[in-house]
Each structure stands twice: as structure tokens, then as C-alpha cells.
There are 2 protein chains.
Amino acid sequence: MFKEQGMKLSTRSRYGVRMMSDLADHYDLVPIFLKDIAKREDVSEKYLSLIVISLRSAGLINSTRGAHGGYKLARRPEEITVKDILEALEGDICLVDCVSNPESCSRVSICPTRDIWGILGRKIGETLSSVTLADLASTRRKKAENNIRSNI
Amino acid sequence: MFKEQGMKLSTRSRYGVRMMSDLADHYDLVPIFLKDIAKREDVSEKYLSLIVISLRSAGLINSTRGAHGGYKLARRPEEITVKDILEALEGDICLVDCVSNPESCSRVSICPTRDIWGILGRKIGETLSSVTLADLASTRRKKAENNIRSNI
DNA sequence: ACCTTTCCTATCGATTCGATAGTAATTAAA
DNA sequence: TTTAATTACTATCGAATCGATAGGAAAGGT
């Protein structure tokens, strides 16, 4: 009971968003090998190959098997939000069960805390859906420029 | 790898906020027994007695030992936010290490995802600090009124 | 002394988490 | 038609975390 580091995002989600961001940088080209993504994003390829399953079955990416296979975004980067990705990887963004499922707790009609968790969950959803893969790609480009400049 | 229910608040946090909200309803009176809080809020007293330690060492509540002991809020309900409580129970509200601790990842200067996690964390913090225990107490009163009316 | 309450530490079983391993299926190219 | 490369699937591992319980020590009112 002494751990002091909660409220952390799972690595599953972190890696998943990193991968999608990587795919956004190669949108509209040939499919990308998982091997290359894993290397660029510095993630275990095996582990990423599990994460990718959820992204595909959520319809966010398309896959091609066999030699010269790989992955591509299923939609344009502007049409994929971070919320889409997190929902594919973590399920519904709902901080407590009783918000989306009132029958799960008998105290719903009394409990004053339930309201906050609902509000907070909605705000988180709004923030997440306001960021697209296109945004990520553009900040990546900006960061790259800055790095070049600071190296001069 | 098939679980589909992430992004959940820990019961530790849920119970902690419930307890603080209960204490807010009895502010300015004698200390409250943990036993009574546990009964009213429908939580294991033993479990709550662990959670309470973090709340006290964060300076959110004062305790009195011995017979007729118990707990009281350390400040007025208007002066305690939900953020205060969650930080006491879960530690810093920081979704990924690299945000508060840039040295923890070598990709900080390249990674475009880090920025979002920073923004999201800040928005969560804002939302949490905008709700005080006084707000919780007032919604509780409102809910109680509504329940009476709907029972007529 | 005695009872009640908070305080502290240890521990439990179950679940989740991050990660690895091995193999089957599919496809392009030689 | 063989070969090499790649995704797809399933099983499993060790460690960490989670929710919860247990038992007693310390403190204080009566």
C-alpha cells in the first residue's frame, strides 16, 4: 500500500499510438513492415504484433500477409483520432462502471461522486478526439526541424 | 491480450473520494468513526483504514486516536479539490513518465506523442481541481431532494 | 483496569502487465 | 515449385499490482 505512481497510461496504449503515428508518416506508400516500425519506434516486434491485432480488428489499419506484406492506415491520417486508437486498445473510455452501466451499482441515485467521473470521462474523450494522426505527423516534422537547427 | 476494459479508476481512488465526500457532509462536527463511514459508504472498514493513511499524511484530514476518536477534514470543504484527493491516493497525475521526467526516455526530442500526453494530463488536472468537496456535498443534497420528490 | 478507536505491518489470492516463444497461414519472387 | 519473408494465432512466463483480510500495537477516554 505504498506505491506512489498511479494514473499511468499502459505501454500497450503508448506503443499503439507510437505505431499509428509512424504509419501516418508513411501514409499512401506501400505497406510497412512491422519489423521496421518496431525498429524505428524502439519497441519489441513480437509485442507490437499483438497490439496490432486490436488495431486491425477495430478497422484502423489494413494488413497484407506474405512477402512484401505489411500494414497501412485504413483511413487518411486526418480521419483517425487518438481516441479511436485508445478505444481500440483499451476498450471504452469510462472511468467507472456505473457511468455507462447504472445497474452495476445500487448507490447510483445517491452517490455524488458518480457525476464527476462522468464529466471527467467526457472531457478526456473530447481532448483525445481533438487530436488526429495528422496533428501528430505535423508535430513530428516540427520537432525534426528544431533538432536540425539546434545541431547547427 | 483480449481484455477489453481499460482506463478504469482504481477502487482505492473511488473509495477515497467517497470517504472524503462523506466527511464533507459532517464537517465542523465531532470526529467521525471510520466504522460509520465504512457502513454508510458501503466499503470494507479494514480496507478504508489503509486508504485513510495516505489522506492523512497528505494533510487532507486530521485524526484523533482512542475512544471517541475518528477523522475530520483538515480544511473547509471548499478548500479541498478532487485533485488533492487523487494526488494523495495515486501520486502525481502524470500519464507517462517522460512528461514530468524527460530523462526517462531518450526519444523525448523526437517523439510526437509525448506532447499529447502532456496536454491530456494537464486537462485532467484542470477538471479535477475544478471540483471541490463542497460541490460534492451540494450535489448530494440535490440528489437526496430528488429522491424524496420521486417517492411521493 | 478496560474498552474503543486509530495505527501499522504483513500477507493472501487473483488478476493484469509486459514480454517471449513457437508455429501456422499466406504471398511474392527465384 | 521451392524458398524466403511476412503476418496471424495461441500459449505461456515472471513480475507487478490490486483488492482485501488479519492481527496486534499504540493512544486515549471512562
Side-chain angles (χ1 to χ4, degrees), chain A residues 1-19 23 30-39 41-58 60-72 74 86 89-91 95-97 105, chain B residues 1-19 23 30-39 41-58 60-74 89-91 95-97 105:
Chain A
M1 212 68 175
F2 13 66
K3 257 285 126 57
E4 277 300 334
Q5 179 133 285
M7 297 286 296
K8 283 276 172 290
L9 201 67
S10 68
T11 41
R12 176 178 166 84
S13 290
R14 286 189 293 117
Y15 288 179
V17 175
R18 294 234 295 257
M19 167 171 186
L23 281 177
V30 291
I32 311 294
F33 300 151
L34 199 62
K35 186 185 15 170
D36 293 338
I37 301 176
K39 197 175 296 177
E41 300 295 329
D42 199 24
V43 172
S44 146
E45 180 187 349
K46 270 297 189 189
Y47 190 34
L48 207 51
S49 79
L50 297 184
I51 296 175
V52 104
I53 295 175
S54 305
L55 295 172
R56 184 173 48 90
S57 60
L60 298 180
I61 57 180
N62 294 326
S63 61
T64 315
R65 295 171 72 158
H68 296 87
Y71 299 94
K72 291 187 57 169
L86 288 202
L89 295 176
E90 306 276 357
L95 295 176
V96 295
D97 280 335
C105 179
Chain B
M1 210 70 176
F2 14 65
K3 256 286 126 57
E4 279 299 332
Q5 180 133 281
M7 296 286 297
K8 284 273 173 292
L9 202 67
S10 69
T11 40
R12 177 178 166 85
S13 289
R14 284 190 293 118
Y15 288 178
V17 175
R18 293 229 302 254
M19 168 172 184
L23 281 177
V30 290
I32 311 295
F33 299 151
L34 200 61
K35 187 184 18 171
D36 294 337
I37 301 177
K39 196 176 293 176
E41 300 296 328
D42 199 26
V43 171
S44 147
E45 180 188 350
K46 269 295 188 190
Y47 191 33
L48 207 52
S49 79
L50 297 185
I51 296 175
V52 103
I53 295 175
S54 305
L55 295 172
R56 184 174 47 91
S57 59
L60 298 180
I61 58 180
N62 295 325
S63 61
T64 315
R65 296 172 72 158
H68 297 87
Y71 298 94
K72 293 188 57 169
L73 293 186
L89 296 177
E90 307 275 357
L95 295 175
V96 294
D97 281 334
C105 180

Next on the checklist: In this structure, how many angstroms lie between the P atom of C/dC8 and the CG atom of B/Leu55, rounded?
Outcome noted: 14 Å
Checklist entry - Could you give the CD1-to-P distance, from B/Ile37 to C/dT5, as a whole number of Å? => result 13 Å
Checklist entry - Going through the distances and angles, do A/Leu48 and A/Met19 end up as a side-chain contact (heavy atoms from CB on, under 4.5 Å)? => result CA-CA 8 Å; A/Leu48 207 51; A/Met19 167 171 186; 3.9 Å; yes
Checklist entry - How does each nucleotide of nucleotides 23-30 of chain D score, in 5' to 3' order, for protein heavy atoms under 4.0 Å: base (B), sugar-phosphate only (S), or none (-)? => result BB-BBBSS
Next on the checklist: Whole angstroms only, please: what is the CZ-C1' distance between A/Phe33 and C/dA28?
Outcome noted: 10 Å
Checklist entry - Starting at CG of A/Leu23 and ending at P of D/dT7, how long is that distance when rounded to a whole Å? => result 11 Å
Checklist entry - If only side-chain N and O atoms of B/Ser10 are considered, is one of them under 4.0 Å from the OP1 or OP2 phosphate oxygen of D/dC18? => result no
Next on the checklist: For C/dT5 and B/Ser63 - does any side-chain N or O of the residue sit under 4.0 Å from the phosphate oxygens OP1/OP2?
Outcome noted: no
Item to check | OG on B/Ser49 to NZ on B/Lys35, rounded to 0.5 Å | outcome: 14.0 Å
Checklist entry - Rounded to whole angstroms, how far apart are OH on A/Tyr47 and C1' on D/dT7? => result 19 Å
Next on the checklist: Measure CD1/A/Ile32 against P/D/dT7 and give the value in whole Å, please.
Outcome noted: 10 Å
Checklist entry - What's the spacing between B/Tyr71 OH and B/Asn62 CG if we round to 0.5 Å? => result 11.0 Å
Next on the checklist: Main chain of A/Leu9, side chain of A/Ser13: is a donor-acceptor contact present, judged purely on distance under 3.5 Å?
Outcome noted: no
Next on the checklist: Just N and O in the side chain of A/Lys35: are any of them under 4.0 Å from OP1 or OP2 of D/dA5?
Outcome noted: no
Item to check | Euclidean distance, A/Ser54 OG relative to A/Leu60 CG, rounded to 0.5 Å | outcome: 10.0 Å
Checklist entry - Under 4.0 Å: is that the gap between some side-chain N or O of A/Tyr15 and OP1 or OP2 of C/dA19? => result yes
Item to check | Electrostatic pair B/Glu41:B/Arg18 at N-O distance under 4.0 angstrom | outcome: yes
Checklist outcome for this item: Taken to the nearest whole Å, CZ/A/Arg18 to C1'/C/dG18 is 14 Å
Checklist entry - When we call it a touch if two heavy atoms are under 4.0 Å apart, what does B/Arg56 touch: a base, just sugar-phosphate, or nothing? => result sugar-phosphate
Next on the checklist: Could you report the tightest heavy-atom contact between A/Val96 and B/Arg14, atom names first, then the distance?
Outcome noted: CG1-CD, 3.3 Å
Checklist entry - To the nearest angstrom, how far is A/Arg14 atom CZ from C/dC17 atom C1'? => result 12 Å
